[in-house]
Amino acid sequence: MAASFASLPTFSVVNSSRFPRRRIDFSCSKNPVQVRSCSGNTRENKQRGTFSSLKECAISLALSVGLLASVPSIASPPNAYAVANPAIPDVSVLISGPPIKDPEALLRYALPIDNKAIREVQKPLEDITDSLKIAGVKALDSVERNVRQANRSLQQGKTMIVAGFAESKKDHGIEMIEKLEAGMQDMLKIVEDRKRDAVASKQKEILKYVGGIEEDMVDGFPYEVPEEYRNMPLLKGRASVDMKVKIKDNPNIEDCVFRIVLDGYNAPVTAGNFVDLVERHFYDGMEIQRSDGFVVQTGDPEGPAEGFIDPSTEKTRTVPLEIMVTGKKTPFYGSTLEELGLYKAQVMLPFNAFGTMAMAREEFENDSGSSQVFWLLKESELTPSNSNILDGRYAVFGYVTDNEDFLADLKVGDVIESIQVVSGLENLANPSYKIAG
């Protein structure tokens with residue numbers, strides 16, 4: 001039996017690879033478009049898989065009905081867990097305005113720092129994305145205003161920014177500031193030359209320098225994990241992994257590598273458990289076990305086990321539900337925010353981005369997560385933060401930051417060739433994979 005989660009309020013889900021799936025087909029008409037392939041070439045495929053076309057059918061219907069009334073499940077296979085329809089006291093108070101959708105922006109805001117000066121640099125640079133929605137070269141005038149505002153904020157706040165660096169990272173942080181200043185000058189030259197097509201890539205580069213500056217403000221791991229979880233694998237910081245998937249039934253794509261950033265600052269137990277499993281090569285050779293336009297899921301091992309069997313105990317290793325809330329110094333463990341009565345609380349890692357990564361679990365057992373993980377495929381304007389019943393109910397611990405759109409191309413049976421840690425392994429404490437089992 002596999003772990004379960006409520007992907008949408010009105011649907012039953014079937015996640016096990018060991019019994020037949022009954023999947024509702026919500027296919028709408030799809031217009032092929034030219035999009036970039038994982039290898040960097042162009043190919044003819046569906047716009048963001050099937051998901052853009054689903055926006056006007058299944059998701060909008062499910063959300064509009066499911067959030068306002070308790071509706072029986074459309075599909076209820078005998079072995080499936082029923083999806084809960086939790087009582088939401090006032091949906092309107094949970095909607096927090098236009099959500100941040102960009103995974104790297106979400107990760108920047110989730111860092112445990114409090115430095116207003118760098119945030120005032122960050123915001124106008126992120127607003128370039130909205131400026132580019134203006135048609136033609138007129139967008140460049142707005143981009144120029146964004147960059148000049150960010151540059152003014154940087155010059156005015158530089159002393160405060162430098163003062164915020166961790167002592168051991170100050171030299172690197174100053175180097176990042178210099179690269180940021182140079183990058184903004186490059187952007188102004190792009191605007192001057194009216195090269196609109198060059199703006200987005202330069203924006204991404206500049207924001208990486210901003211992220212580097214902010215990471216250099218973090219001085220060690222900011223809190224103690226509760227004693228009962230302290231000896232588990234813990235990710236005390238961040239790590240990045242590359243997941244290489246062999247796509248079998250799509251002639252236009254063969255291999256795709258997804259870069260995933262794992263956030264141990266906000267989910268050290270959940271992220272640590274995953275990195276430890278990656279180092280055990282637990283997922284290598286495993287198939288995608290669910291892909292239905294709403295989520296992609298894997299991690300259910302062969303045989304009767306529902307998760308990872310720790311060879312040292314011969315029992316399933318489970319992790320607690322782990323939710324970090326804005327304004328709190330440590331995560332909540334073992335309870336959903338609904339159970340805690342925190343209906344207005346904002347989670348640090350929301351289900352806003354396409355490719356949000358979270359731990360699957362049995363619906364009525366909060367601390368039953370083990371090895372099964374899922375990536376959410378959704379348009380966040382339809383389900384803003386804290387109005388989608390997933391925030392505060394499932395432990396988000398990372399985001400796909402490269403090639404996330406191609407998650408929608410994955411199908412059941414596609415094979416994960418490998419997942420490899422490419423940075424941040426030194427942040428893993430208590431790695432059990434090093435213990436001979």
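Reckoned from all heavy atoms, side chains included, excluding hydrogens, waters and symmetry mates.
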Quick one: are [X] and [Y] in side-chain contact, heavy atoms under 4.5 Å?
| X | Y | result |
| --- | --- | --- |
| Pro112 | Val218 | yes |
| Leu106 | Asn352 | yes |
| Ile419 | Asp242 | no |
| Arg238 | Leu107 | yes |
| Val325 | Gln346 | no |
| Leu180 | Leu125 | yes |
| Gln372 | Thr298 | no |
| Asn273 | Pro233 | no |

- request: Walk me through it: do Arg119 and Glu214 pass the test salt bridge (charged side-chain N to carboxylate O under 4.0 Å, His left out)?
  value: CA-CA 9 Å; Arg119 297 301 193 197; Glu214 293 174 347; 3.2 Å; yes
Side-chain donor/acceptor pairs under 3.5 Å, residues 328-337, sequence neighbours excluded:
| unit_1 | atom_1 | unit_2 | atom_2 | d |
| --- | --- | --- | --- | --- |
| Tyr333 | OH | Glu322 | OE2 | 2.7 |
| Thr336 | OG1 | Glu339 | N | 3.0 |

Are any of the side-chain nitrogens in [X] or [Y] under 4.0 Å away from the carboxylate oxygens of its partner?
| X | Y | value |
| --- | --- | --- |
| Glu104 | Arg108 | no |
| Lys208 | Glu205 | no |
| Asp276 | Arg317 | yes |
| Lys202 | Asp186 | yes |
| Glu287 | Lys411 | no |
| Lys248 | Asp414 | no |

For [X], salt bridge (Lys or Arg N to Asp or Glu O under 4.0 Å) partners two or more places apart:
| X | answer |
| --- | --- |
| Asp216 | none |
| Arg145 | none |
| Glu144 | Arg148 |

task: Tell me, with the steps shown, if Met217 and Leu111 meet side chain to side chain contact (heavy atoms under 4.5 Å, CB included).
output: CA-CA 9 Å; Met217 293 178 176; Leu111 284 167; over 6 Å; no
Please report the closest heavy-atom contact between [X] and [Y], naming both atoms and the distance.
| X | Y | answer |
| --- | --- | --- |
| Ile128 | Val143 | CG2-CG2, 4.1 Å |
| Pro268 | Val225 | CG-CG2, 4.0 Å |
| Leu428 | Gly272 | CD1-O, 3.7 Å |
| Lys246 | Asp255 | CD-OD1, 3.1 Å |
| Pro301 | Gly307 | CG-O, 3.3 Å |
| Leu407 | Gly355 | CD1-CA, 3.6 Å |

- request: Give the C-alpha distance, both sets of side-chain angles, the deciding distance and a yes or no for side-chain hydrogen bond (donor to acceptor under 3.5 Å, both in side chains) between Ser131 and Asn146.
  value: CA-CA 8 Å; Ser131 296; Asn146 296 141; 2.5 Å; yes
message: Let's go through Phe221 and Tyr265 carefully: what are the C-alpha distance in whole Å and the side-chain angles of both, what is the deciding distance for side chain to side chain contact (heavy atoms under 4.5 Å, CB included) to 0.1 Å, and is it a yes or a no?
response: CA-CA 7 Å; Phe221 191 71; Tyr265 290 123; 4.2 Å; yes
Between [X] (side chain only) and [Y] (backbone N and O only), is there a donor and an acceptor less than 3.5 Å apart?
| X | Y | value |
| --- | --- | --- |
| Asp391 | Phe351 | yes |
| Asn427 | Leu235 | no |
| Ser423 | Ala239 | no |
| Ser370 | Phe308 | yes |
| Asn151 | Leu154 | no |
| Thr313 | Lys315 | yes |
| Ser201 | Ala198 | yes |
| Asn115 | Met160 | yes |
| Ser371 | Gly299 | yes |
| Asp367 | Leu321 | yes |

task: Mind checking side-chain contact (heavy atoms from CB on, under 4.5 Å) for Asp193 and listing every partner two or more places apart, or none if nothing turns up?
output: Lys189, Lys195
- request: Might you work through the side chain to side chain contact (heavy atoms under 4.5 Å, CB included) test for Glu279 and Val421, ending with a clear yes or no?
  value: CA-CA 8 Å; Glu279 287 300 295; Val421 179; 3.3 Å; yes
Roughly how far, to the nearest 0.5 Å, is the [atom2] atom of [Y] from the [atom1] atom of [X]?
| X | Y | atom1 | atom2 | result |
| --- | --- | --- | --- | --- |
| Lys116 | Asp114 | NZ | CG | 10.5 Å |
| Thr326 | Asn266 | OG1 | CG | 8.5 Å |
| Tyr394 | Leu376 | OH | CG | 11.5 Å |

Audit row: Phe397, Thr356, side chain to side chain contact (heavy atoms under 4.5 Å, CB included) steps and yes/no: CA-CA 8 Å; Phe397 63 101; Thr356 300; over 6 Å; no
message: Could you walk me through whether Glu404 and Arg259 satisfy the salt bridge (charged side-chain N to carboxylate O under 4.0 Å, His left out) test, starting with their C-alpha distance in whole Å, then the side-chain angles of each, then the deciding distance to 0.1 Å, before giving a yes or no?
response: CA-CA 8 Å; Glu404 62 269 24; Arg259 172 64 56 87; over 6 Å; no
field: Where at least one partner belongs to residues 151-205, residue pairs that pass ring-ring contact (aromatic ring centres under 6.0 Å, His included), sequence neighbours excluded
entry: none
message: Would Lys158 and Glu181 count as a salt bridge (charged side-chain N to carboxylate O under 4.0 Å, His left out) here? Give the steps.
response: CA-CA 11 Å; Lys158 188 180 293 187; Glu181 290 174 324; 2.6 Å; yes
query: Among Glu306, Met359, Glu362, which one satisfies side chain to side chain contact (heavy atoms under 4.5 Å, CB included) with Ser368?
result: Glu362
query: Step by step, would you call Tyr283 with Phe274 a ring pair (Phe, Tyr, Trp, His ring centres under 6.0 Å)?
result: CA-CA 10 Å; Tyr283 298 97; Phe274 181 77; 5.2 Å; yes
- request: Go through Lys170 and Glu167 one step at a time and tell me if the salt bridge (charged side-chain N to carboxylate O under 4.0 Å, His left out) criterion holds.
  value: CA-CA 5 Å; Lys170 182 172 289 187; Glu167 191 61 36; 3.7 Å; yes
